[in-house]
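Since the structure comes first, as structure tokens, the remarks are kept for the end.
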There are 2 protein chains.
Amino acid sequence: MTTIKTVAAAGSYRACTRCRAAGFCVHPQAGQGVYRVQARRVRAGESMHTPEQSPHTFFVLCEGTARSCTRRHDGSLQTNDFHLPGELISFEAMADPAARQDALALEPCTVREITCQCDPEANAVVWGAMLGLLRDDAAHRRARLRPFAGRQTAAQRLSAWLGNLVERCQHRGLDPRAMAFRMTRAEIGSFLGLAKETVCRLFVQYQRDGWIEQRGRRFLIRRPEAFLR
Amino acid sequence: MTTIKTVAAAGSYRACTRCRAAGFCVHPQAGQGVYRVQARRVRAGESMHTPEQSPHTFFVLCEGTARSCTRRHDGSLQTNDFHLPGELISFEAMADPAARQDALALEPCTVREITCQCDPEANAVVWGAMLGLLRDDAAHRRARLRPFAGRQTAAQRLSAWLGNLVERCQHRGLDPRAMAFRMTRAEIGSFLGLAKETVCRLFVQYQRDGWIEQRGRRFLIRRPEAFLR
DNA sequence: CGCGCCGTTGACGTAGATCAAGATGGGTGG
DNA sequence: CCACCCATCTTGATCTACGTCAACGGCGCG
């Protein structure tokens, strides 16, 4: 395992210095025999998970963006979250195995798969590194839930979610204006509980206001400050 | 500090054997000097928190029910969660101090206030007891969020929330049919993002169906199974 | 080059918010 | 114990945000 350099260039969406799991990943020899770090490449549309994965596995997204989702009763997919580079995937499932959900790459991604080799409760080394993650994860979870607090219009939800994206970029040292987001209107709608047409109409309006730019099938955030509060 | 006996009688809403924090509370001498447990009584409508509380304090609700809330921009209160006996309050704030929110008693309550005397990261004893709480808390958080997953009608939300209440009672060994819940329509609406009138109309309908019973200003769940799935 | 997914736009319907006006219960003071 | 008051509940009428349906255009992948 080589030492990883920070590459926060726009387009590659890679983050290491400010990655939430850097403690595990950058000096993996520290956890020798306690956890295992494995780099992998995931193609667009594919799942991070493989059938033989241990229940003590979580992921760090190094490059690209992803979404996690569950299957609804009617068979359709319910998008539950979007993930940016440097963020954790399936981490919550370490504490709550029933919460494990599928994670799909929105574009070609690289991930590091971190597997705790033993029962984490028994091992202070792993939990030492994990405490930082727990704190960070709790704060992010709270921010991600903001669009759902109380009664909100579609515009308030969408705007709150875009603001959350901006914050998460800034937290990782990425420039939100330089990121071309790939989630489709339908996926965003699935996440926020809105119809894709509603998302579309609001996006058109935001573009007229110069707050976002739609380039091809992607979108860029031009005025991050418009969505913060 | 005396040993606490289990009292799971209906009406008093007390739970100890299945309390999530029993590890801290029932044998407090184990954590001598590391954390402090203090029993308190909170009157209906009052806050659990006192101004001089440490950031390393969380609460266990022993008797009664409560709600946690934050203040919205327009000054009104946003209800974010309801708490049953045996559940944790402000626990998340241990990992995410900015998440600390006010908790108000819905009826006369008794709580135990658990304060970690040192930085929890430094002390393995506290964190040992806390790991179990973390797991449990994660699972509960997930279940509580179910009413908000995707696009749902008002009836689906309310029904999912009632189902969540039932599950939490059962998890604690309480009989949901024996509990008279005190939250007002407005508080429930604030939590679920619905108008109080909508909650009221649905309650009237559930009562016609014999699923709930409205006794005075409280309500009882008559057919718990109607709200599970 | 063509097919299919995705985005866009308009027309329309409806769930549920809002407004308004009693009814009811619970708490308080005499 | 009664009378009063206030918060909450209830019900109906109306309005509107947004979901649904339908049709079409364009990007992008194979």
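When reading the values below, keep in mind they use all heavy atoms of this one structure, side chains included, and skip hydrogens, waters and symmetry mates. First the proteins, then the strands, lettered A, B, ... as listed; each starts at 1.
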Out of the candidates A/His49, A/His83, A/Gln101, A/Gln53, only one should pair with A/Ser90 under the side chain to side chain donor-acceptor pair (under 3.5 Å) rule; please name it.
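Going through A/His49, A/His83, A/Gln101, A/Gln53 one by one, the side chain to side chain donor-acceptor pair (under 3.5 Å) with A/Ser90 is satisfied by A/His49 alone.
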
Can you tabulate the close N/O pairs, meaning under 3.5 Å, that link protein atoms to atoms of nucleotides 20-24 of chain C?
residue	atom	partner	partner atom	Å
C/dT24	O2	B/Arg217	NH2	3.1

Tell me the interatomic distance from B/Lys196, atom NZ, to D/dT10, atom C1', rounded to whole angstroms.
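Rounding to the nearest Å, NZ of B/Lys196 and C1' of D/dT10 are 10 Å apart.
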
By nearest atom, which of the nucleotides D/dG19, D/dC9, C/dT9 is closest to the B/Cys200 side chain?
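Given the options D/dG19, D/dC9, C/dT9, the side chain of B/Cys200 is closest to D/dC9.
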
Consider the side chain of A/Arg201, meaning its heavy atoms from C-beta on, and name the nucleotide among D/dC9, C/dG10, C/dA17 that approaches it most closely.
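Within the option list, the nearest is C/dG10.
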
Describe the nucleic acid contact of A/Gly193 in one word from base, sugar-phosphate, nothing, applying a heavy-atom distance below 4.0 Å.
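Touches sugar-phosphate only.
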
Please determine, by modelled atom types, if A/Arg72 and A/Gln78 share a side-chain donor-acceptor pair under 3.5 angstrom.
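There is such a pair (donor and acceptor under 3.5 Å, judged by atom type) between the side chains of A/Arg72 and A/Gln78.
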
Under a plain distance cut-off of 3.5 Å, with no hydrogens placed, do B/Gln38 and B/Arg40 share a side-chain donor-acceptor pair?
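The answer is no; no qualifying pair exists.
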
A/Pro224 and A/Pro176, any side-chain heavy atoms less than 4.5 Å apart:
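They are in side-chain contact.
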
Can you tell if the side chain of B/Glu46 reaches within under 4.5 Å of the side chain of B/Leu104, non-hydrogen atoms only?
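Side chain of B/Glu46 against side chain of B/Leu104, heavy atoms only: no contact under 4.5 Å found.
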
Given D/dT8, is OP1 or OP2 found less than 4.0 Å from the side-chain N or O atoms of B/Arg185?
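No, no such contact exists.
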
Below 4.0 angstrom, which residues in residues 145-163 of chain A have at least one non-hydrogen atom near DNA chain C?
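Only A/Arg151 qualify.
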
Students often mix this up, so state it plainly: with edges at 30° and 60°, are the rings of A/Tyr206 and A/Trp211 parallel, tilted or perpendicular?
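Rings of A/Tyr206 and A/Trp211: parallel, under 30°.
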
DNA chain D contacts among residues 205-216 of chain B, heavy-atom distance under 4.0 Å:
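The stretch gives B/Gln214 as the residues lying under 4.0 Å from the strand, ordered by number.
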
